[in-house]
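One structure is given here, and the rest of the page talks about it.
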Amino acid sequence: MAKADIPSTYDPRAVEDRWYPYWENGGFFHIGVNPEQKPFCIVMPPPNVTGQLHMGHALDYTLQDILTRWRRMQGYNSLWVPGTDHAGIATQAKVEEQLAKEGTSRYEIGREAFLKRAWAWKEQYGSRITAQLRRLGASCDWQRERFTMDEGCSEAVREVFIRLFERGLIYRDYYITNWCPKCHTTISDIEVEHIEKPGHFWYLKYPFKDGDGHVVVATTRPETVLGDTAVAVHPDDERYAGLIGKMLVLPLVGREMPLIADEYVDPSFGTGAVKITPAHDPNDFEVGYRHGLEQIIVIDKEGKMSAEAGPRYQGLDRYDCRKKIVRDLEAGGYLLKTEDLSHGVGHCYRCNTVIEPMLSRQWFVKMKPLAEQAIEAAKAGDVRFIPERFTKVYLSWMENIRDWCISRQLWWGHRIPVWYCKDCDETIASKKPVSQCPKCGGTDLEQDPDVLDTWFSSALWPFSTLGWPKQTIELAYYYPTSVLVTGRDIIFFWVARMIFSGLAFMNDVPFRVVSIHGMVLDALGRKMSKSLGNGVDPIDVIESHGADSLRFMLVTSNTPGNDLRFNFEKLDGARNFANKLWNASRFVLMNLEDFEPGEQRGQYTLADRWIISRYQNLAEEVTRLLESYELGEAARVLYEFIWNEFCDWYIELAKPRLYGKTTPQDRYTAQSVLTAVLKGTLELLHPFMPFITEEIWQHLPGKGLTVMRASWPVAGKELADPEAERQMEMLMEVTKAIRHIRSEMNVPPGKQLEAYLEAPQAAFRDVLERGTGYIQGLANAKIAIFEALKEKPEQAAHAVTHGAEVFVPLKGLIDIEQEAARLRKELAVLEKDLARVNGKLNNQGFLSKAPADVIEKEKKKENELTGKQTAIRERLSMLVGGNE
RNA sequence: GGGCGGGUAGUUCAGUGGGAGAACGUCUGCUUGACACGCAGAAGGUCGUAAGUUCAAUUCUUAUCCCGCCCA
């Protein structure tokens with residue numbers, strides 16, 4: 001390959017657009033059941049079908065792609081199932097927005113027409129996110145792509161609903177749910193975000209009916225006064241002893257209601273008396289239920305006061321009503337005092353509107369029986385969280401679980417498969433449409449208008465995507481899947497629900513391992529959000545820096561379970577790394593014109609043995625780290641090997657051999673080692689940076705169809721060569737010492753130095769002699785080696801390395817005082833180290849209790865430090881006289 | 001109020017019961033036959049604070065302060 005053929009700056013765009021179609025069209029992502037192979041399977045957390053790729057996706061899918069590609073290369077039957085989610089509220093909101101722009105609404109056009117529009121919307125935008133996934137390099141099996149509302153997934157949803165219904169685990173009841181007045185639907189508890197907000201605590205006087213005094217209640221929501229049907233106190237609260245059961249008169253309304261006793265009340269909070277509004281507060285609902293209290297709905301679905309609130313307040317917005325009520329209470333003499341109070345207020349996670357707890361009739365899943373198994377599975381280790389601490393988060397939620405409200409007052413989604421008979425009120429759950437009532441034979445039936453929570457279908461994802469409820473061979477082979485990779489924000493929403501669903505319907509957990517990663521924050525550590533406008537678009541980053549750089553940046557910033565900040569400096573670093581690799585490869589390729597891989601013709605040099613040993617260590621480390629899900633660390637290890645060992649040392653040492661300064665055999669050996677190590681390293685790096693590694697790999701001799709299908713480098717222990725590593729370290733140390741002296745003494749890089757190396761021990765001398773060429777080349781110095789210098793040069797800079805002393809004669813260039821100062825500085829550092837080591841070795845406790853190998857190590861250290869100290873002291877006294 | 005995570009170089013972050021690391025930034029010097037998205041060298045840290053366990057603590061325990069997240 002001639003130099004002109006390869007640009008000196010890597011251009012990801014030219015490369016990345018080419019390889020993805022090659023892989024996809026080549027069928028390299030597709031895999032089928034093969035009993036000869038071990039399966040490895042990941043199901044992709046499905047992104048919103050009409051959404052766009054954000055940084056969180058980019059991280060999540062990068063991690064999954066790394067695992068999938070790695071296992072595939074390892075010979076596993078590696079399947080990554082892609083798919084998208086219908087995202088009920090989000091998608092419906094988009095379509096409604098569009099309708100609003102056209103001056104109409106879903107109510108005006110009707111359900112059927114609306115669904116047509118929603119499907120059209122899905123068709124229009126449904127491929128955007130999958131196209132973006134392709135740009136990221138995701139190696140998922142697109143032939144198995146699924147959608148939560150496709151035929152199969154919908155069947156799974158109906159099947160699960162019916163089965164739970166028949167087992168009595170799905171029921172319909174009046175209950176307090178979280179109503180979003182803007183989205184016009186109920187949402188589940190975990191879809192409510194509690195935001196701490198400054199508010200007030202109003203103290204109100206509720207008089208007794210008999211005119212004999214009053215009780216004081218405190219509330220943060222005075223508008224709910226209108227719906228009060230009792231006041232509760234703790235049964236043991238002495239302040240209210242004897243008053244329980246007495247009737248009160250509700251201010252402004254005049255309703256009579258009792259003072260009741262309930263354990264729920266915290267006597268130490270506020271006045272110890274709590275007003276009870278069963279229709280607008282979940283806790284009050286429970287209390288009201290226990291005491292058979294009336295439930296009065298005073299706020300409607302728009303967030304406005306209802307007719308029940310009375311003519312004075314009806315139609316007012318709940319917050320306007322609050323102001324008016326406070327004024328009225330004050331005027332009536334009922335308001336005792338107002339305190340400032342910061343408290344958590346529930347907001348809709350979709351639209352950020354304040355949630356109204358509201359009594360309504362909804363469908364629920366009874367969670368207790370399902371949760372039990374899910375708790376057991378985690379405790380028994382059938383499903384393992386990484387990092388382990390997330391097990392606790394999961395368990396605490398599962399153990400305190402409440403029933404799951406699954407009906408949504410939306411149109412876009414899986415319609416609840418339940419019909420009501422208008423004649424006899426029978427409720428019929430059925431997989432197929434029902435036209436006749438099985439109880440009374442009536443034909444006037446109506447399907448429940450609501451749809452199911454989006455997470456209801458996502459909960460089935462690990463098995464619905466593999467064909468369930470059909471008993472497919474895929475299901476038998478790939479389930480339970482190997483690992484779930486997802487963000488810590490959806491442990492409750494999704495992970496937990498998949499686990500109990502899998503246990504309930506597949507009799508096994510959906511995945512053995514849950515690998516949790518953090519959130520991608522902006523450079524200032526804030527969540528990326530639309531409202532802040534601080535999001536970074538992954539596609540923009542791919543355009544400017546390439547998908548490989550984005551992936552590498554994300555994975556190296558990631559440590560298991562922790563958040564990471566997106567910063568552009570790190571992204572530049574990743575791009576620079578890609579460029580470094582590109583140029584190292586370019587160098588190798590430029591020197592391979594005459595190279596035909598074949599029989600080894602020459603002897604391995606020390607540098608060859610060293611880099612091969614380091615490479616085998618690399619393969620071992622990367623594999624080990626991937627196995628323990630430390631993907632970021634694996635990437636960092638690769639970075640360091642490529643940059644600091646392969647490029648900085650090995651390539652530099654190979655140069656003279658390639659430029660014909662040695663023998664043709666040696667040139668050939670250098671070519672073959674360069675090629676082999678580069679090729680193996682590319683293979684190890686491929687899961688992390690798929691595009692650039694494929695591009696380079698394809699230029700190397702001995703390539704195959706694709707690096708995707710190359711076999712994962714196996715760490716061959718026989719390639720480890722500790723002796724070569726030790727020797728190279730010695731030579732590197734001497735090289736660095738000379739470079740250091742050159743820099744400190746301001747000797748220009750172009751000027752060749754002389755260096756005398758004194759090594760009393762034959763073994764060290766031997767290493768130096770054989771490595772002379774290395775040092776001379778890398779330090780630009782002429783070397784002479786001595787067992788003992790007869791006459792130590794006076795005008796010379798000095799350094800001590802492991803096994804040798806270095807003298808660099810600098811006649812006329814050296815300032816003796818300056819050199820002495822430098823040596824004194826080094827001596828000071830040495831003495832500090834020595835003091836610490838000696839402190840240990842003089843400590844009886846240490847000698848008697850520390851492990852032998854640690855003591856041995858300290859002794860060795862002491863020896864070496866003392867040796868260096870002596871050498872530097874001698875040198876100093878020689879330079880400036882014997883008074884040092 | 002309960003739980004969890006973080007507090008390490010100017011910045012962003014790794015890491016570890018036994019010699020404090022990287023990247024970026026800074027300083028010095030370099031068109032060294034792959035790379036200035038580069039090369040060589042350097043400076044820079046009481047590892048939040050206090051106590052305890054230990055022969056030994058940045059690492060383990062406890063308390064405490066600050067920041068963030070989750071739950072009630």
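FYI, side chains are in, hydrogens and waters are out, and symmetry mates aren't considered; it's all heavy atoms of this structure. Here is how names work: the chains are called A, B, and so on, in the same order as the sequence lines, proteins then strands, and each is numbered from 1.
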Quiz item: In whole angstrom, what separates A/Asn583's CG from B/A36's P?
Solution: 7 Å

Quiz item: Can you find a side chain N or O atom of A/Asn576 that sits less than 4.0 Å from OP1 or OP2 on B/G38?
Solution: yes

Quiz item: Taking only side-chain nitrogens and oxygens of A/His740, does any of them come within less than 4.0 Å of OP1 or OP2 of B/A40?
Solution: no

Quiz item: Is there a donor-acceptor pair under 3.5 Å between the side chain of A/Glu819 and the backbone N or O of A/His798?
Solution: yes

Self-check item: Donor + acceptor pair across side chains of A/Asp608, A/Tyr650 (<3.5 Å)
Solution: yes

Exercise. Can you tell me, in whole Å, how much space there is between the C1' of B/U53 and that of B/A14?
Key: 28 Å

Quiz item: Is the shortest side-chain N/O distance from A/Arg739 to OP1 or OP2 of B/G41 below 4.0 Å?
Solution: yes

Quiz item: So does A/Trp397 get a side-chain nitrogen or oxygen closer than 4.0 Å to the phosphate oxygens (OP1/OP2) of B/C4?
Solution: no

Quiz item: Taking atom P of B/C35 as reference, at what distance in whole Å does atom CZ of A/Arg575 sit?
Solution: 17 Å

Exercise. Report the nucleotide, chosen from B/A40, B/C55, B/G19, that has the shortest atom-to-atom distance to any side-chain atom of A/Asp648.
Key: B/A40

Self-check item: Strand partner of B/G68, provided both Watson-Crick or wobble distances fall under 3.5 Å
Solution: B/C4

Self-check item: Base-pairing mate for B/C47 - Watson-Crick or G-U, with both contacts under 3.5 Å
Solution: none

Practice problem: Among B/C55, B/G38, B/G5, find the nucleotide with the atom closest to the side chain of A/Asn562. | Solution: B/G5

Exercise. Tell me which nucleotide among B/U12, B/C39, B/C55 gets nearest to the side chain of A/Lys580.
Key: B/C39

Practice problem: Find out whether A/Thr675 and A/Phe595 are in side-chain contact, i.e. whether some heavy atom of one side chain is under 4.5 Å from a heavy atom of the other. | Solution: yes

Practice problem: Could you give the distance separating B/A23 and B/C39 at their P atoms, to the nearest angstrom? | Solution: 10 Å

Quiz item: If each of A/Asp833 and A/Pro749 is mapped to the nucleotide of RNA chain B with the nearest heavy atom, which maps nearer the 5' terminus, i.e. the 5' end?
Solution: A/Asp833

Practice problem: Kindly point out which of B/C13, B/G18, B/C70 is positioned nearest to the side chain of A/Lys527? | Solution: B/C70

Quiz item: A/Asp489 CG to B/C4 C1': how many Å, rounded?
Solution: 15 Å

Exercise. Measure from CG on A/Leu653 to C1' on B/G33 and round the result to the nearest Å.
Key: 16 Å

Quiz item: Is the shortest side-chain N/O distance from A/Arg742 to OP1 or OP2 of B/G41 below 4.0 Å?
Solution: no

Quiz item: B/C37 phosphate, OP1 or OP2: any side-chain N/O from A/Thr9 under 4.0 angstrom?
Solution: no

Quiz item: When rounded to the nearest Å, what value does the distance between C1' atoms of B/U58 and B/C47 take?
Solution: 4 Å

Quiz item: Using atom C1' of each nucleotide, how far apart are B/G21 and B/U16 to the nearest Å?
Solution: 10 Å

Quiz prompt | Length of the line joining A/Leu564:CG and B/A22:P, which is rounded to integer Å | solution = 22 Å

Quiz item: Does A/Lys861 have a side-chain nitrogen or oxygen under 4.0 Å from the phosphate oxygens OP1 or OP2 of B/G19?
Solution: yes

Quiz prompt | Atom C1', compared across B/A9 and B/G44: separation rounded to whole Å | solution = 6 Å

Quiz item: Paired with B/C39: which nucleotide, if any, by Watson-Crick or G-U wobble criteria at under 3.5 Å for both distances?
Solution: B/G29

Quiz item: Got a donor-acceptor contact below 3.5 angstrom from the A/Arg657 side chain to the A/Thr662 backbone?
Solution: no

Quiz item: What interatomic distance, in whole Å, is found between P of B/G6 and the corresponding atom of B/G15?
Solution: 10 Å

Practice problem: Assign the ring pair A/Phe493 / A/Trp455 to parallel, tilted or perpendicular, where the plane angle (0 to 90°) is split at 30° and 60°. | Solution: tilted

Self-check item: A/Lys392, nearest nucleotide to its side chain (from B/C35, B/G3, B/A23)
Solution: B/G3

Practice problem: State plainly whether the residues A/Glu733 and A/Lys736 are in salt-bridge range, i.e. N to O under 4.0 Å. | Solution: no

